[in-house]
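Read the structure below first, then the notes.
By convention in this document, chain letters (A, B, ...) are assigned in the order of the sequence lines, proteins followed by strands, and residues within each chain are numbered from 1. Worth knowing before you read on, the calculation uses all heavy atoms, side chains too, and leaves out hydrogens, waters and symmetry mates.
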There are 2 protein chains.
Amino acid sequence: MTEKSARGRPRQYDVRAALGAALLEFRRRGYTATSLDHLSEATKMARPSLYAAFGSKRDIYLRAAAQFAGDSVERRDRALFDEPSLPKALDSYFATLVAIYSEGDERPLGCPVLSVITGEATADPVIGAELAAALSRTDARFCQRIAAARDAGQLPPSTDIDAVADMLAALQHSLAQRARAGTALPELERIARNSVALTLKAAGAREP
Amino acid sequence: MTEKSARGRPRQYDVRAALGAALLEFRRRGYTATSLDHLSEATKMARPSLYAAFGSKRDIYLRAAAQFAGDSVERRDRALFDEPSLPKALDSYFATLVAIYSEGDERPLGCPVLSVITGEATADPVIGAELAAALSRTDARFCQRIAAARDAGQLPPSTDIDAVADMLAALQHSLAQRARAGTALPELERIARNSVALTLKAAGAREP
DNA sequence: GTATTTTTGTACCAATTCGCAATAAATTCA
DNA sequence: TGAATTTATTGCGAATTGGTACAAAAATAC
């Protein structure tokens, strides 16, 4: 027996697809320069429908970014936490990351948060909080992963977890910035590999 | 004998001061969200006057950013190149940098380029080129400084100049991003000190 | 004093922007 | 079948945006 839908005219949009299309627009232009008309075209939804479905422009961004984060976090966490070897985990994580940053168009679009809302973060408190939260999440993940490696004996007991995590976060911020500036994927990959190797060297990682 | 001015009504604005005020507005809001009205108020110049003096909104940004870069490059180069000891040079350079990133308002505004135009870089080719050029200039400076340190015997002859420079550039990108997200100066300083120390350790720097 | 030049200031323009009101369309329920 | 509900659509409004035309103001030159 097919499930009966609720009353009312059926939706012509798919929430996930619409949010995905919206985020691509935001990534193409940056937050402010993406208009409701851009979003309307991309989602094939009229502006009032966008408002009814998702709320204001800012709400649309926040929901789209959250969906993207939710979709990609598993991919990234698998790379970071499922591999017992720290060097391999980091290489895999950053390879995944630069692939994400290079997705979407014929030229890289960078990070859906760092590359899209950085300009607006100071003047708009909600956007600023979103940027700060994104940075904090990344920091927390790297701290967690470095702590796990130290506890597994792959790093010295005296390892300064925060300092090493800061280096890895810096690499992530840099890759996003470079992707946004047009750096090609192979170059991003080279930078990631070299920097991971140097960071591990500095941290005193045990050879595998 | 006082110098006679040219014909015409005397200017009521100072070019340097106007461009400085304009850049502060751009740093406060990001590029697109800064309107001609914002710039007009900040510079105390009417919009037609802004056009006559500096050109379009984009021209204003580019000129203001160039003036800022010109003013701060000496400060930064002095820190980086005048100090023979690489660790001291880098510490001094990044201390200068985070001070710059924290200047301007009661909360840090980050980098006048990386923190302001990143969102617009993909859709506007001129802005994109400006972002890419800023990244390239930073890369070139770090490469030059690391090569000088290797040639002075402070780093091993086999040092991978590019890889080390990439790490330092990553730190700079990260500090800009963190400043923009509201990170306080003491925290930026801590991250910079720790990251410089780890980078030098990875590079095999000689103890002073 | 008039002409020329440069700058300032007012007024205006066309287009865009975000957001809303009202209505029509498409479904289910009673 | 009509009512209720949800969604889509058209039209609109107020405000903003980047930019321009033109006249007035303020100086020098003759």
Within the side chain of Arg29(B), is there an N or O that forms a donor-acceptor pair under 3.5 Å with the backbone of Thr122(A)? no
Quick one: sort the Phe142(A) and Tyr93(A) rings into parallel, tilted or perpendicular, breaks at 30° and 60°. perpendicular
Contact list for DNA chain D against residues 115-122 of chain A - heavy-atom distance below 4.0 Å: none
Any donor and acceptor pair, going by atom type alone, linking the side chain of Arg75(B) with main-chain N or O of Thr96(B) inside 3.5 Å? no
Let's see if you get this right: which residues in residues 14-43 of chain B place a heavy atom under 4.0 Å from DNA chain D? Thr34(B), Ser35(B), Leu36(B)
Check whether any side-chain N or O of Lys44(A) sits under 3.5 Å from a backbone N or O of Gln12(A) as a donor-acceptor pair, and report yes or no. no
Review item, nucleotides 22-26 of chain D N/O atoms under 3.5 Å of protein N/O:
unit_1  : atom_1 : unit_2  : atom_2 : d
dA26(D) : N3     : Arg9(B) : N      : 3.2

Would you list the pairs meeting ring pair (Phe, Tyr, Trp, His ring centres under 6.0 Å) in which at least one residue belongs to residues 15-35 of chain A, sequence neighbours left out? Phe26(A)-Tyr31(A), Phe26(A)-Tyr61(A), Tyr31(A)-Tyr61(A)
Where the side chain of Asp151(B) meets the backbone of Ala148(B), is there a donor-acceptor pair that is under 3.5 Å apart? no
Mind checking side chain to side chain donor-acceptor pair (under 3.5 Å) for Thr32(A) and listing every partner two or more places apart, or none if nothing turns up? Glu120(A)
Protein-nucleotide distance (Met45(A), atom CE; dT10(D), atom C1'), rounded to Å: 16 Å
Using side chain to side chain donor-acceptor pair (under 3.5 Å) as the criterion, list what pairs up with Gln67(A), not counting sequence neighbours. none
Nucleotide nearest Tyr13(B) (side chain, heavy atoms from C-beta), chosen from dT8(C), dC18(C), dC12(C): dT8(C)
Are a donor atom and an acceptor atom from the side chains of Asp59(A) and Ser56(A) found within less than 3.5 Å of each other? yes
